[in-house]
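Structure record follows, encoded as structure tokens.
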Amino acid sequence: MSSHDAPTEYSLYPPPADAVAHAHVSGQAAYDALCAEAEADYAGYWARLARELISWKTPFTQVLDESNAPFFKWFADGTLNASYNCLDRNIERGLGDKTAIIFEADGGEVRRVSYKELLAIVNKMANGLKSLGVQKGDRVIIYLSMGIEGVAAMQACARIGATHSVVFGGFSAQSLRDRIEDTGAVAVITADQQQRGGKALPLKTIVDEAIALGGCGSVKHVLVHKRTGADIPFDASRDLWLADLVAGQSEVCEPEWVEAEHPLFLLYTSGSTGKPKGVQHSTGGYLLHAALTTKWTFDLKDDDVFWCTADIGWVTGHTYITYGPLALGGTEIVFEGVPTFPDAGRFWKMIQDHKVSIFYTAPTAIRSLIKAAEATESVHPKNYDLSSLRILGSVGEPINPAAWEWYHKHVGGGRCPIVDTFWQTETGGHMITPLPGVTTLVPGSCTLPFPGIQAAVVDETGKDVPWGQGGILVVKKPWPSMIRTIWGDPERFKKSYYPADFHGKYYLAGDGAIRDPKTGYFTITGRIDDVLNVSGHRMGTMEIESALVSHTELVAEAAVVGRPDDTTGEAICAFVVLKRPRPTGDEAKKLAAELRNWVAKEIGPIAKPKDIRFGENLPKTRSGKIMRRLLRSIARGEAITQDTSTLENPAILDQLSQTN
Ligand code: PRX
């Protein structure tokens with residue numbers, strides 16, 4: 001183990017007295033009482049919260065239904081609407097004129113919308129979708145960059161009961177096509193272009209390419225938001241400007257009341273096989289946890305300005321931009337750009353300008369901003385007034401203690417608790433996390449489970465391991481915001497998360513963990529499957545391998561592993577056997593570049609291997625299985641300690657050690 005080692009010596013950061021006194025969950029006794037309540041009456045605990053945080057059209061009488069485990073149901077006979085809960089309900093509470101979203105564009109322009117204005121935008125879009133025949137149960141793909149329209153498009157789908165599936169704007173035409181086909185979407189909502197880091201990048205032309213690749217016959221409409229005004233191809237039989245669609249639509253749209261289990265969204269994420277899986281989330285249970293975790297983990301209050309820097313293309317953007325903060329009537333920032341444009345002081349300047357009080361970002365961003373601040377004095381956070389901050393958050397990957405300390409000291413001024421939130425696309429919201437008014441923090445540890453979440457560390461047989469011993473992270477009881485199934489593949493859902501050969505009863509997170517021997521605090525030790533985490537982005541090794549071997553002219557075989565990287569957490573390292581003699585020198589460099597671009601085209605630039613190495617073969621066991629552990633050691637530049645006696649050709653190890 002490396003930076004993921006459980007801390008043995010560390011500084012402790014007790015919660016600030018002010019937070020203990022005033023937080024929604026105030027003090028250790030309050031946390032203990034919530035855990036005890038959940039322990040004593042699990043269903044009653046979640047039912048109480050679901051009644052307190054969510055407005056139901058038809059109140060539920062059933063809470064947890066385990067009759068068809070592991071396809072659990074929550075609040076199944078209740079009906080609600082997510083968009084009603086995020087918008088109308090706040091207006092009815094008198095928050096109509098409160099700012100819902102402060103949007104800052106890549107170039108710095110700012111646009112604010114109130115709850116009333118956001119509702120009008122959402123309703124016009126919802127009515128527009130309805131006028132095209134989009135209805136409850138239909139799937140809609142959203143391929144947009146960050147903006148009010150993206151959030152509104154998601155809310156508009158929720159309003160009419162259509163299931164949205166947002167595809168991150170950095171994914172390629174091929175990836176987009178796969179998601180369109182798998183969801184059978186009837187419409188795609190996109191923009192002419194996206195604006196990032198001072199550059200205009202294509203969106204609509206990628207949608208066109210995706211559809212041209214075939215298999216997208218379900219798509220009847222492509223709705224285009226005009227972002228940059230670029231000249232783009234338009235197919236009048238299918239394409240429609242979003243502005244034209246919503247013009248003249250009513251600002252009133254009766255919500256479609258859906259059952260609690262109705263799929264609010266599908267979000268694709270990587271697993272251990274080549275094909276990304278469409279994680280299906282519910283409406284009721286998901287919205288409950290989105291609201292509840294925003295309230296307790298971030299302690300969101302009426303006068304806060306909340307900023308989650310994630311993209312709506314990832315689950316963090318779903319839960320902590322589109323749903324959680326709005327469900328609580330909060331004010332939030334939506335940011336279109338990147339942290340390093342026009343310079344690496346952008347985040348700090350925006351915190352200063354908008355008086356952000358709660359800031360939630362990824363360790364990768366922090367690490368790259370540390371580097372930038374160390375190189376260029378003027379972008380160091382000390383040059384900005386960050387006194388509005390009161391809570392900081394981290395998500396997506398382990399945060400190394402050095403980055404944690406810097407974040408705490410230089411961004412949080414030593415006074416803001418950092419909530420290191422462990423969760424996954426599948427969990428819908430935080431699972432293991434500090435609470436700002438409760439938890440004594442330890443850099444590098446996500447500390448303790450959110451009240452009600454039964455996280456544990458077990459061995460291969462499902463038995464709890466003692467604190468201090470590493471094991472497999474599981475969740476022992478179903479929780480409201482958990483994944484319901486993998487879209488179109490219930491068997492894969494069971495196999496991935498409730499495998500029969502592994503106890504069968506617990507949710508298997510796919511991560512390893514260890515608990516501190518004294519405090520019981522959790523530290524995540526990284527994935528135990530073939531999933532990499534690069535800059536907080538989840539990538540399957542098999543997915544990248546399939547992309548490489550789909551270059552059939554060049555590639556005979558490929559194996560992908562991860563290795564630790566100072567900035568991106570993990571880096572992708574690909575070992576490739578070509579259908580031609582092993583290249584060296586400039587030829588190898590040229591081919592490595594070609595393959596990197598190929599992967600970018602197949603999946604998206606985020607999947608580009610950092611390192612590509614060529615060999616005449618891959619190290620294999622006698623039965624032909626690739627020895628990945630050996631490849632991992634080579635990628636890390638470690639001495640080979642494994643037994644290599646079964647290798648046919650040990651000379652390939654030398655070949656594979658050479659970088660290009
Ligand atoms: O390995 C864990 C890591 O990210 C994985 C989930 O990735 P994804 O579904 O893309 O969701 C990311 C945003 C929630 C996990 O299985 N991970 C996430 N948060 C943390 C983390 N690892 C350590 N510490 C965290 N706080």
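Only this structure's heavy atoms are used, side chains among them; waters, hydrogens and symmetry mates stay out. Whatever order the structure lists them in is the order used to number ligands and atoms, beginning at 1. None of the values given here were measured: they were computed from a predicted structure.
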Around atom 7 (O) of ligand 1, find the nearest protein heavy atom and jot down its residue, atom name and distance.
-> Arg538 CD, 3.3 Å
Heteroatom proximity flag, Thr269 to ligand 1, N/O under 3.5 Å | no
Only one of Arg636, Arg367, Lys610 clears salt bridge (Lys or Arg N to Asp or Glu O under 4.0 Å) with Asp565; which?
-> Lys610
Give a yes-or-no answer on whether the side chains of Asp530 and Ser272 include a donor-acceptor pair shorter than 3.5 Å.
-> no
May I ask you to check whether Trp479 and Tyr507 place their ring centres under 6.0 Å from each other?
-> yes
Considering only heavy atoms, which of Val419, Asp511, Thr433 lies nearest to atom 2 (C) of ligand 1?
-> Asp511
With a 4.5 Å limit on heavy-atom distance, are the side chains of Met154 and His318 in contact?
-> yes
Check whether any N or O atom of Asn533, backbone or side chain, sits under 3.5 Å from an N or O atom of ligand 1, and answer yes or no.
-> yes
How far is atom 13 (C) of ligand 1 from its nearest protein heavy atom, and which residue and atom is that?
-> Thr316 OG1, 3.4 Å
Would Arg179 count as a cation-pi partner of Phe171, with NZ or CZ less than 6.0 Å from the six-membered ring centre and within 45° of the ring normal?
-> yes
Which heavy atom of the protein is the closest neighbour of atom 20 (C) of ligand 1, given with residue, atom name and distance?
-> Glu397 N, 3.5 Å
Assess the side chains of Tyr286 and Thr319: does a donor N or O sit below 3.5 Å from an acceptor N or O?
-> yes
Contact check: Asp420 vs ligand 1, nitrogen or oxygen atoms, below 3.5 angstrom = yes
At what distance is the nearest protein heavy atom to atom 12 (C) of ligand 1, and which residue and atom is it?
-> Gly396 CA, 4.1 Å
Just by distance, with hydrogens left out, do Glu543 and Ser270 show a side-chain donor and acceptor under 3.5 Å apart?
-> yes
What orientation do Tyr407 and Phe359 show, parallel under 30°, tilted 30 to 60°, or perpendicular over 60°?
-> perpendicular
Taking distance alone, with no angle check, do Ile524 and ligand 1 share an N/O pair under 3.5 Å?
-> no
Residue and atom name of the nearest protein heavy atom (relative to atom 23 (C) of ligand 1), distance in Å to one decimal = Pro398 N, 3.2 Å
Residue pair Thr433 / Thr421, side-chain donor-acceptor N/O under 3.5 Å | no
Considering heavy atoms of the protein only, find what lies nearest to atom 9 (O) of ligand 1 and give residue, atom and distance to 0.1 Å.
-> Thr425 OG1, 2.6 Å
Starting from atom 6 (C) of ligand 1, find the nearest protein heavy-atom neighbour and note its residue, name and distance.
-> Trp423 O, 3.7 Å
Using a strict 4.0 Å cut-off to heavy atoms of Val395, name the atoms of ligand 1 that fall inside it.
-> 13 (C), 14 (C)
